[in-house]
Asker: 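Please find one structure pasted underneath; my questions will follow.
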Amino acid sequence: RPFYQPEGFTDPHATQVCSHPAFSYLWGRNDPFISRKVLRSRTQSGFAAIRLFRTFAQNQIPMQITKAEFKCSSERISQVPKDDLKDIAFIGRSNVGKSSLINMLTARTGLAKVSGTPGKTRLINHFRINDAWYLVDLPGYGYARTSKTQRSEFSKLITDYVIKCEKMHFLFVLADIRLEPQKIDLRFIEMLGENGIPFGIIFTKADKLSKTQREKSVERFRTALAQQWEELPPMFVSSSEKAVGREEILDFIGECLRQN
């Protein structure tokens, strides 16, 4: 699909890394709520990618989830649904609380299976929401007890979907707010930037920390990202136990889906 550069930007790398179809709704030169996102690469000359994301408008229309059902599991991207509904995907390190977050967002306790064993999600799971879009549960990454062969398969499944799947409209990267910025998360986020993938960050398990501790943790993550990013992606603080962040995340998804 065509890639439209902002006026005045002529970096030759941009046309290579920002052609992902998910960018189709993100370009809007006359939109006052559009922010330009530029990744400063340390491995390539010039800019490695342009990133745009839509920030919140003042007149948000709250999203209500009235229907959520399991659609299918896929072990390769050729098996994902072939319809025109957009994918909003979620990914993170194993044991980050992804299944609990999905259940909280959809208000369906058992929609995504919560396991006491990290690394149990090994397929791409599609959940059809309101018959209008898909919430996608991606395999976790970085679980050491998974065999090297399986870790390699997970990595290929994840990268194939994130980079190649045209249904993928927006990606949320989950991070445990209790932890220091993890190298594997930062490497994954760097990969997203290099490939021009629109994404945001959701901090999980916020109920485990005080407000001051939460703010310090988020600031540490911002500082780590600022070493490579000109501007930061949208960030949300959440707690599946307390339903913190649910409205903000759903409203943001609604804004994404309302774009072409």
Asker: Give a yes or no on whether the backbone of L85 and the side-chain of D83 come within a donor-acceptor separation of less than 3.5 Å.
Answerer: yes
Asker: Would you compute the distance between atom CG of L192 and atom CZ of R187 and round it to the nearest 0.5 angstrom?
Answerer: 13.0 Å
Asker: Could you walk me through whether N103 and T109 satisfy the side-chain contact (heavy atoms from CB on, under 4.5 Å) test, starting with their C-alpha distance in whole Å, then the side-chain angles of each, then the deciding distance to 0.1 Å, before giving a yes or no?
Answerer: CA-CA 5 Å; N103 291 336; T109 304; 5.7 Å; no
Asker: Let me check something: do L186 and F203 share a hydrophobic cluster, defined by ILVMFWY side-chain heavy atoms less than 4.5 Å apart, either directly or through other members?
Answerer: yes
Asker: If you measure from CD on Q213 to CD1 on I177, what distance do you get to the nearest 0.5 Å?
Answerer: 9.5 Å
Asker: To the nearest 0.5 angstrom, please state how far the OG atom of S100 sits from the CG atom of L174.
Answerer: 10.5 Å
Asker: Kindly compute the distance separating CG (N195) from NZ (K164), expressed to the nearest 0.5 Å.
Answerer: 10.5 Å
Asker: Mind checking the NZ-CG spacing from K205 to L101? Nearest 0.5 Å is all I need.
Answerer: 11.0 Å
Asker: Taking the side chain as everything from C-beta on, heavy atoms only, tell me whether V237 gets closer than 4.5 Å to E248.
Answerer: no
Asker: Any Lys/Arg nitrogen of E219 or K216 sitting under 4.0 Å from an Asp/Glu carboxylate oxygen of the other?
Answerer: no
Asker: How would you list, by chain and number, every residue that makes a salt bridge (Lys or Arg N to Asp or Glu O under 4.0 Å) with R220, sequence neighbours excluded?
Answerer: E180
Asker: Quick check: do P233 and L225 have side-chain heavy atoms less than 4.5 Å from each other?
Answerer: yes
Asker: Closest approach of D137 and A112, non-hydrogen atoms and distance?
Answerer: OD2-CB, 4.4 Å
Asker: Does the side chain of M168 reach to within under 4.5 Å of the side chain of I197, using non-hydrogen atoms?
Answerer: yes
Asker: Show every donor-acceptor pair shorter than 3.5 Å between a side-chain atom in residues 70-78 and any protein atom, with sequence neighbours excluded, or say none if there are none.
Answerer:
unit_1: S73; atom_1: OG; unit_2: N125; atom_2: OD1; d: 2.5
unit_1: S74; atom_1: OG; unit_2: Q79; atom_2: O; d: 3.3

Asker: For the side chain of H169 and the backbone of C256, is there at least one donor-acceptor N/O pair under 3.5 Å apart?
Answerer: yes
Asker: Which residues satisfy the salt bridge (Lys or Arg N to Asp or Glu O under 4.0 Å) test with R222, sequence neighbours excluded?
Answerer: none
Asker: Measure the shortest side-chain to side-chain distance between L179 and R93 over non-hydrogen atoms and say whether it is less than 4.5 angstrom.
Answerer: yes
Asker: Count I, L, V, M, F, W, Y as connected when their side-chain heavy atoms are under 4.5 Å apart, and connections chain through other members. Are V173 and V218 then in the same cluster?
Answerer: yes
Asker: So which heavy atom on K98 is nearest to which on L138, and how close?
Answerer: NZ-O, 2.8 Å
Asker: Is there any ring pair (Phe, Tyr, Trp, His ring centres under 6.0 Å) pair reaching into residues 175-196, and which pairs are they, with sequence neighbours excluded?
Answerer: Y141-F188
Asker: Closer than 3.5 angstrom, by distance alone: can the side chain of S240 be matched with the main-chain N or O of M104 as a donor-acceptor pair?
Answerer: no
Asker: Dump the intermediate steps for side-chain contact (heavy atoms from CB on, under 4.5 Å) on L135 and I88, then the final yes or no.
Answerer: CA-CA 5 Å; L135 186 156; I88 303 295; 5.7 Å; no
Asker: I need the full list of salt bridge (charged side-chain N to carboxylate O under 4.0 Å, His left out) pairs touching residues 206-215, with sequence neighbours left out, sorted by first then second residue.
Answerer: none
Asker: Verify side-chain contact (heavy atoms from CB on, under 4.5 Å) between V136 and V80, making sure each step is shown before the conclusion.
Answerer: CA-CA 10 Å; V136 182; V80 303; over 6 Å; no
Asker: Do Q228 and I189 have side chains that approach each other closer than 4.5 Å (heavy atoms only, starting at C-beta)?
Answerer: no
Asker: Show which side-chain atoms of residues 126-133 pair as donor or acceptor with protein atoms under 3.5 Å away, not counting sequence neighbours.
Answerer:
unit_1: H126; atom_1: NE2; unit_2: D87; atom_2: OD2; d: 2.8
unit_1: R128; atom_1: NE; unit_2: D131; atom_2: OD1; d: 3.0
unit_1: R128; atom_1: NH1; unit_2: Y134; atom_2: OH; d: 3.3
unit_1: N130; atom_1: OD1; unit_2: T66; atom_2: N; d: 2.8
unit_1: N130; atom_1: OD1; unit_2: T66; atom_2: OG1; d: 3.2
unit_1: N130; atom_1: OD1; unit_2: K67; atom_2: N; d: 3.0
unit_1: N130; atom_1: ND2; unit_2: Q64; atom_2: O; d: 2.9
unit_1: D131; atom_1: OD2; unit_2: K67; atom_2: NZ; d: 3.1

Asker: F90 and ring pair (Phe, Tyr, Trp, His ring centres under 6.0 Å): which single residue from Y161, F170, F172, F236 fits?
Answerer: F172
Asker: Would you compute the distance between atom CD1 of I91 and atom CD1 of I158 and round it to the nearest 0.5 angstrom?
Answerer: 4.0 Å
